[in-house]
Amino acid sequence: MKVSRVYTVLAAGVVGLLLAASVAAGAEEKSRMDVVLERGKLIVVTLTTVPPFAFNDDKGQLVGFDIDIARLVATALFKDPNKVEFVSVSAEGRWPAIESGRADMGVGGTTTYPDRAIRVAFTRPFVDSGISVLVSKKSGIKSLKDLDQDKFTVANLNNPQMADRAKRFFPRAKVLTFDTPSAQFLAVKSGRANALQIDTPAAEYWAAQNKDEMDVLPGLLGASQNNGIFLRTGDFKWWLWLDTAVAEMRTGSWYPQYSEIYHKWFGKNPPPQKFYNPQ
Amino acid sequence: MGFARWAAIYGPTYATGLAWTAATALAAAGGAIAWGCVLLLIRLSAGRWGALGVDGYVQLFRNTPVLLPIYLIYFAFPMIGLPWPAVVCGALALILQNGAYISEILRGSVNAIDRVQFDAARSLGLAPWNTFRKIVLPQVLVYSIPALGNQTVLLLKDTSLLSAISITELTMQAKLLTEQTGAAYEAFIVVALLYLLLVSGTEVVFRASHRAVRWR
């Protein structure tokens, strides 16, 4: 085959794929809710490298708070916590997994941001979060103010919120960008970076696991945040059901099951079921 | 979003990625070919133990995914007091693995040299090092050009793995753009086209150099 013909065929292939994608996108779709119920199994996209939300334990099993929440959703659908299949991806793989329909919903230390909510829908939060800074003790960093020096390096995850916070809270520090939280952690552990920013529960978990080497700085980077279940936009039936499920977990009939999971992973009770009726 | 508008907005981002990918690939390919020649020299001239050592080395690197040395060099070397920059670690890992492949490619070409030439070299009184430098290496490199081109293309594509260690090459830029905009398809299709461009360029260079030396 001549070279020019190879390129013609390749170009035709790319155009064909794009056409197929646009046709598929335009087709009338039924709700994910019905697809999931018919299939008899829930498919969940998740990260596997953010303890204590979603990570592999010593036996290689995928465990964590978010994993148990997904199992609770499966239980609500099928009366069986095992009727769920997890698809693990790197941080930026979460969005195409949802947009392409590869997964029904996603969890995994995923924070709700207004700009993210443009491309995927979020349920109300199933757990509060915030962004904390984990530092290596060797670095001698005691506060966020200490960190803002050009001799320090901070490990970021590859999302724009991380870059914005770095510019706002420690503009003088150098920044490295990774595609998984575990690579961020490895960077601090190996001395590549002096600190990393991550969801508070993850930072606390790692600090507890590495008491001699690492510490969480006091204070949050910015405000308290919400972690939600994410799904495709525009599917009202599926979104409403998932949002209702989360509401029931945090404030309604499934509060006992939710509390049990919360206690298992965070070692304390969740916020009270009703704010006006603290137990 | 139209591709033209996409390219206009994020063109500079891709340009940075393209520069990193091209520079890393170029340095690593040069290093890998040189390292492959060194391994060949050891195999040909360091006796039985030298050949065995090179064999072991080749087996070790040929049978492990290149992501392992990339991670190992980047994350473990600082622990033993060698905090080299990411791009050095990445290029080194690519050189170590591709050097193993290239030494095997070159070894195959050595067999294409007539044994008589070795006898002639010895009867002229050429030392082993001069025989290697003046007789073996030039012919081996010329015979190997098509296979070396292939290996360089593989190496070029392997640079995408360096996104795992914070190097802002093409794949990393696509990942960052996906996280920033949510437009995974545009981000990755443009990157695919840019890789196609780089690979085609590499092939043209190798084909031209093959044609240039074939006339001799």
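Because the structure is a prediction, the values reported are computed rather than measured. Here is the naming used below: chain letters follow the sequence lines, and residue numbers restart at 1 for every chain.
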In this structure, are over 12 heavy atoms from other groups packed under 6.0 Å from [X] atom [atom1]?
{"X": "R62(B)", "atom1": "CZ", "result": "yes"}
{"X": "K137(A)", "atom1": "NZ", "result": "yes"}
{"X": "W238(A)", "atom1": "CH2", "result": "yes"}

Item checked: Contacting region of A174(B) [heavy-atom separation from chain A under 4.5 Å] -> neither

Check: Looking only at heavy atoms, which two atoms of P78(B) and S190(A) are closest? And how far apart?
Finding: CB-O, 3.2 Å

Next item on the list: Please report the shortest heavy-atom distance between A164(B) and F178(A), naming the atom on each side.
Entry: O-CD2, 3.6 Å

Item checked: Spatial distance of atom OG (S100(A)) from atom OH (Y185(B)) [nearest 0.5 Å] -> 4.5 Å

Margin query: I need the E92(A) CD to K175(B) NZ distance, nearest 0.5 Å.
Written below: 4.5 Å

Note to self: Consider side chain to side chain contact (heavy atoms under 4.5 Å, CB included). Of T177(A), D179(A), N159(A), which one does L176(B) pass it with?
What the structure shows: T177(A)

Next item on the list: Against chain B, label A187(A) side chain, backbone, both or neither, depending on which of its atoms sit under 4.5 Å from a heavy atom there.
Entry: both

Check: At a heavy-atom separation under 4.5 Å, does A91(A) approach chain B through its side chain, its backbone, both, or neither?
Finding: both

Item checked: Over-ring placement of R192(A) relative to Y74(B), 6.0 Å and 45° cut-offs -> yes

Checklist line | Side-chain touch K189(A)/F75(B), heavy atoms, less than 4.5 angstrom | finding: no

Note to self: Taking every non-hydrogen pair under 4.5 Å, which of R94(A), R119(A), R116(A) racks up the most with chain B?
What the structure shows: R119(A)

